[in-house]
Amino acid sequence: MLFKVEMKVNLPHDMPAEVAAEIKAREKAYAQELQTQGKWRHLWRVAGSYANVSIFDVADNAELQDLISNLPLFPYMDIQVAPLCRHPSSIHQDDR
Ligand SMILES: O=C(O)C[C@H]1C=CC(=O)O1
């Protein structure tokens, strides 16, 4: 199942820089592992914002919840999720 996930990061302004850097490093490693597994299909920065638009390919809602809630930045993000389905005009056969 495909999901569009929009994440906006809101780190506390008083968070020490080294704490933020450590969380971001863990987030990057986790995000890259999920991309390697094919579960995090697309990851795009929203220009001008500390936010991203992502496409996840997971078995079901429960797996998406599990993956997202384990993001190291999860406590500091506003997240919006939308389920996707194939567009009838799409020429991409791998869209599901
Ligand atoms: O930077 C972000 O958009 C937040 C988060 C998503 C992937 C990652 O490495 O950090």
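These values consider heavy atoms only, across backbone and side chains, with no hydrogens, waters or symmetry-generated copies. Both ligands and their constituent atoms are indexed starting at 1 by order of listing. FYI, the numbering just counts along the sequence from 1.
Of all heavy-atom pairs spanning Pro83 and Phe3, the tightest one is CA-CD2, 3.8 Å. Scanning both residues, Ala59 and Met1, for their nearest heavy atoms gives O-SD, 3.4 Å. Summarising the geometry of Lys8 relative to Ala51, their closest heavy-atom pair is CA-CB, 4.0 Å, with the distance given to 0.1 Å.
Listed by number with element, the atoms of ligand 1 under 4.0 angstrom from any heavy atom of Lys28 are 9 (O). Atom numbering of ligand 1 starts at 1 in the shown order; those under 4.0 Å from a heavy atom of Val9 are 4 (C). Atoms of ligand 1 lying under 4.0 Å from any heavy atom of Asn52, numbered from 1 in the order shown and given with element: 2 (C), 3 (O), 4 (C), 6 (C).
Of the protein's heavy atoms, Arg45 NH1, 3.3 Å lies nearest to atom 2 (C) of ligand 1. Looking from atom 10 (O) of ligand 1 to the surrounding protein, the closest heavy atom is Glu27 CG, 3.1 Å.
Within a 6.0 Å sphere centred on NZ of Lys4, other residues, nucleotides and ligands contribute 12 heavy atoms or fewer.
For the residue pair Ser54 / Trp44, no side-chain donor-acceptor distance below 3.5 Å is found, with atom types taken as modelled.
In summary, Lys39 and Asp57 do not engage in a salt bridge, as defined by a charged side-chain N under 4.0 Å from a carboxylate O.
Every N/O-N/O distance between Tyr50 and ligand 1 stays at or above 3.5 Å. Considering backbone and side-chain N/O atoms, Trp40 never comes within less than 3.5 Å of an N/O atom of ligand 1.
Under 4.0 Å from ligand 1, not a single heavy atom of Leu71 appears.
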